[in-house]
Amino acid sequence: MPSVAGAGDDVKLSPAQAQSLGVRVIHPISSRIDQTLPYPTQIVIPTPQLWVVSAPVAGMVANLAVARGDRVKAGEALVTMESPSFVSLQRDYLNAVAQDLLAAQQLKRNTELFEGRAVPQRVLETSQTEARQASIVLAERRQMLRLSGLSDTALSKLTSEAAISATLSVVAPEPATAVDIAVAPGQRVEQSAPLVKLARLSPLWAEIAIPISNIRAIRPGARVEIDGYATPGQVILISETTDAATQTVLVRAELPNNGELRPGQTATARINFLSAGESAWEIPYAALIRRGEQSSVFVATEGGFRHVAVTLLAEDQDHVVVSGPISDRDEVVVSGISALRGILLRLGAG
């Protein structure tokens, strides 16, 4: 066994003794203090920006006006349907219009008769109740037609012309992109069956899988950069749960999208640390010494090696990024670490 001496966290070793212990060193590589290592990322559509346009009534799909990937404007036709149910809704509405008009005329007549003392009050009260009920039924029928997708303009035309149509256009509720088509022409669908899935594609979400050991360095609001994409985003969510299979935590970032990002694509993301201010260094994973929550490395000195505490900022399966009192001029031990730790333990410093 080589003779050694130690003071504090220093191990005195000659080059020959270090070589016999299998000690090998490398120089740290300067790393951006304000960014993590790259992490795998999935680009997804934010759930509040994704919705499904459904069949307002049962019927048959007569025509599709859009295809997957098309951009649509608010009010633009998506699907044309032919529906007996839609015919029935219009008929019921026109009947309600006629009943409401008749009840209103009867109420007006009985009001005049009551004022002339020609009919008793109970006749007037009956007419008032019938007129109110007719008005409620009309409002219900009108609302059902609106829910079926009939515009106010079309509703006014139906009221004035009594022109019942068997054809109904299902329109886009707002500007969006068609991301999926659930039906085909000639297909019969039930009421509420999905027709077209729409989405707004800006902003988008980047869902990033962060190893649980690195999550302490990330905070909401941190800047996020996607490799190959110029516009940064920011962290909006750090999940409170861990994926049991991968031991990673979901971090979600929101990104403005000018068309370069596409939902479903995979990418790599780097997250800025909110607290920067000192240099950071990338070293091989094998160089890092862990003891509970504490991290350290061995650094070569003129007469041996020194045990130096560092702060772990990020890691993957091959590398770690640390900050601390080291530089790219230093030599960090990457093999023979167990032997050096054994010496420190015998000296009472490890």
Side-chain angles (χ1 to χ4, degrees), residues 1-41 208-218 225 227-228 246-248 268-273 275-350:
M1 176 72 188
S3 60
V4 297
D9 285 340
D10 288 333
V11 176
K12 300 296 184 183
L13 285 178
S14 67
Q17 289 173 328
Q19 184 176 3
S20 69
L21 292 174
V23 175
R24 188 169 60 86
V25 297
I26 60 96
H27 289 282
I29 299 172
S30 179
S31 176
R32 289 183 58 178
I33 180 62
D34 60 343
Q35 283 194 336
T36 64
L37 293 166
Y39 293 120
T41 302
I208 312 164
I210 305 294
I212 191 170
S213 57
N214 297 353
I215 202 66
R216 289 190 301 271
I218 298 170
E225 296 183 14
D227 287 356
T246 62
Q247 289 298 290
T248 58
T268 54
R270 297 174 185 266
I271 304 175
N272 286 28
F273 301 116
S275 56
E278 57 180 326
S279 298
W281 309 99
E282 183 178 322
I283 58 177
Y285 189 90
L288 188 71
I289 305 167
R290 294 179 190 252
R291 191 173 183 180
E293 296 293 323
Q294 298 177 341
S295 300
S296 59
V297 295
F298 278 110
V299 178
T301 62
E302 185 174 347
F305 301 92
R306 173 168 294 170
H307 187 229
V308 176
V310 295
T311 300
L312 177 63
L313 298 179
E315 65 178 311
D316 60 22
Q317 60 184 0
D318 298 317
H319 302 88
V320 295
V321 175
V322 298
S323 64
I326 61 176
S327 75
D328 54 359
R329 295 186 300 274
D330 289 320
E331 293 178 328
V332 175
V333 176
V334 294
S335 65
I337 291 175
S338 296
L340 296 179
R341 289 189 70 188
I343 294 171
L344 275 184
L345 287 171
R346 285 196 294 276
L347 293 172

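Not measured: the values here are computed from a predicted model. Worth knowing before you read on, the calculation uses all heavy atoms, side chains too, and leaves out hydrogens, waters and symmetry mates.
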Exercise for review: Begin with the C-alpha distance, continue with both residues' side-chain angles, and end with the deciding distance and a verdict on side chain to side chain contact (heavy atoms under 4.5 Å, CB included) for Leu312 and Val322.
Suggested key: CA-CA 5 Å; Leu312 177 63; Val322 298; 4.3 Å; yes
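- Between Pro38 and Thr268 the shortest heavy-atom distance is CB-CB, 4.2 Å.
- Among all heavy-atom pairs drawn from Ser335 and Gly22, the shortest one is OG-O, 3.0 Å.
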Check your understanding: side chain to side chain contact (heavy atoms under 4.5 Å, CB included) between Val297 and Val333: does it pass, once the steps are laid out?
Key -> CA-CA 7 Å; Val297 295; Val333 176; over 6 Å; no
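- Shortest non-hydrogen contact noted between Pro325 and Asp330 is O-OD2, 4.3 Å.
- Within the 4.5 Å cutoff, side-chain heavy atoms of Leu21 are placed close to those of Ile343.
- Atom OG1 of Thr41 and atom CG of Asp227 lie 8.5 Å apart (nearest 0.5 Å).
- Taken to the nearest 0.5 Å, the CD1 atom of Ile271 stands 4.0 Å off from the CD1 atom of Ile210.
- Atoms OG1 and CD, from Thr301 and Glu331 in turn, are 10.5 Å apart once rounded to the nearest 0.5 Å.
- Considering OG1 of Thr311 and CD of Gln294, their distance stands at 10.5 Å, rounded to 0.5 Å.
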Exercise for review: Go through the steps to decide whether Arg24 and Val334 satisfy the test side chain to side chain contact (heavy atoms under 4.5 Å, CB included), and finish with yes or no.
Suggested key: CA-CA 6 Å; Arg24 188 169 60 86; Val334 294; 3.6 Å; yes
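- Summarising the geometry, atom OH belonging to Tyr39 is positioned 9.5 Å from atom CD1 belonging to Ile208; distances are rounded to the nearest 0.5 Å.
- Going from atom CZ of Phe298 over to atom CG of Leu344 covers 4.5 Å, rounded to the nearest 0.5 Å.
- The two atoms that bring Pro28 and Ile326 nearest to each other are CG-CD1, 4.3 Å, heavy atoms only.
- Looking only at side-chain heavy atoms (C-beta outward), Trp281 and Ser30 come within less than 4.5 Å of each other.
- Asn272 is listed as a side-chain neighbour of Glu225, based on a closest heavy-atom distance under 4.5 Å.
- For Ala309 against Ser296, the heavy-atom pair with the smallest separation is CA-CB, 4.0 Å.
- Using a 4.5 Å heavy-atom threshold, the side chains of Tyr285 and Val320 count as touching.
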**Study point:** Evaluation steps, side chain to side chain contact (heavy atoms under 4.5 Å, CB included), between Val25 and Phe305
**Key:** CA-CA 10 Å; Val25 297; Phe305 301 92; 4.1 Å; yes
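- The two residues His27 and Asp328 have their closest heavy-atom pair at ND1-O, 3.2 Å.
- Looking at Ile289 and His307, their side chains come closer than 4.5 Å, going by heavy atoms from C-beta outward.
- At a threshold of 4.5 Å between non-hydrogen side-chain atoms, the residues Val308 and Val332 do not count as touching.
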